[in-house]
Novice: 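Sharing a structure here in structure tokens format.
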Amino acid sequence: ILDRLQAREYAVEAEVQLRVAERKAKGEAVDADALEKDSEFVRGVAVASGLSDDEFQQLRSEMREGFAQQGFKLDRAAELMQSDQEFEATQQLELLQKKEEMAALQRSQVEEKLQRLRQ
């Protein structure tokens, strides 16, 4: 029984992956809400899975939770990337400011030296 259930689960996962890849290739949204609202997507997964309505509804609920978790992970990764980019930009700005300060200091030192030489 376990082997049959696992085979069915793999078929469902494979169908979901295939349909998500097709949507991505077409440039269509693949977030949980878009997939859930796409009746063709849902129907295709149901047909491929061979599940009863009750079984499929449970799977659909699990899929929704899985997509939500992945969405959270992707959102968190995007936040981290954004904060890394902001940190890097801040460091670059500080470096430029220090270089400008050094250049201004050097300029004033050269101007002072020039004035002393002219006297």
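We count residues from 1, following the sequence as given. Scope of the values below: all heavy atoms of this structure, side chains included, with no hydrogens, waters or symmetry mates.
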Novice: Give a yes or no on whether a salt bridge exists between E15 and R19, defined as a side-chain N under 4.0 angstrom from a carboxylate O.
Specialist: yes

Novice: Can you tell me how far apart CG (L18) and CZ (R23) are? Round to the nearest 0.5 Å.
Specialist: 12.5 Å

Novice: What is the minimum heavy-atom distance between V30 and V20, and which atoms define it?
Specialist: CG1-O, 3.7 Å

Novice: What is the distance from atom CZ of R116 to atom CG of L114, rounded to the nearest 0.5 Å?
Specialist: 10.0 Å

Novice: Roughly how far, to the nearest 0.5 Å, is CD of E94 from OG1 of T90?
Specialist: 6.5 Å

Novice: To the nearest 0.5 Å, what is the distance between CG (L35) and NZ (K37)?
Specialist: 11.0 Å

Novice: Within the structure provided, determine whether L105 and E101 are in side-chain contact (heavy-atom separation under 4.5 Å).
Specialist: no

Novice: Tell me whether Q91 at atom CD has more than 12 heavy atoms from other residues, nucleotides or ligands lying less than 6.0 Å away.
Specialist: yes

Novice: Got a second to check how far K24's NZ is from Q17's CD, nearest 0.5 Å?
Specialist: 10.0 Å

Novice: Inspect the contact between E111 and R107 and indicate whether a charged nitrogen and a carboxylate oxygen are less than 4.0 angstrom apart.
Specialist: yes

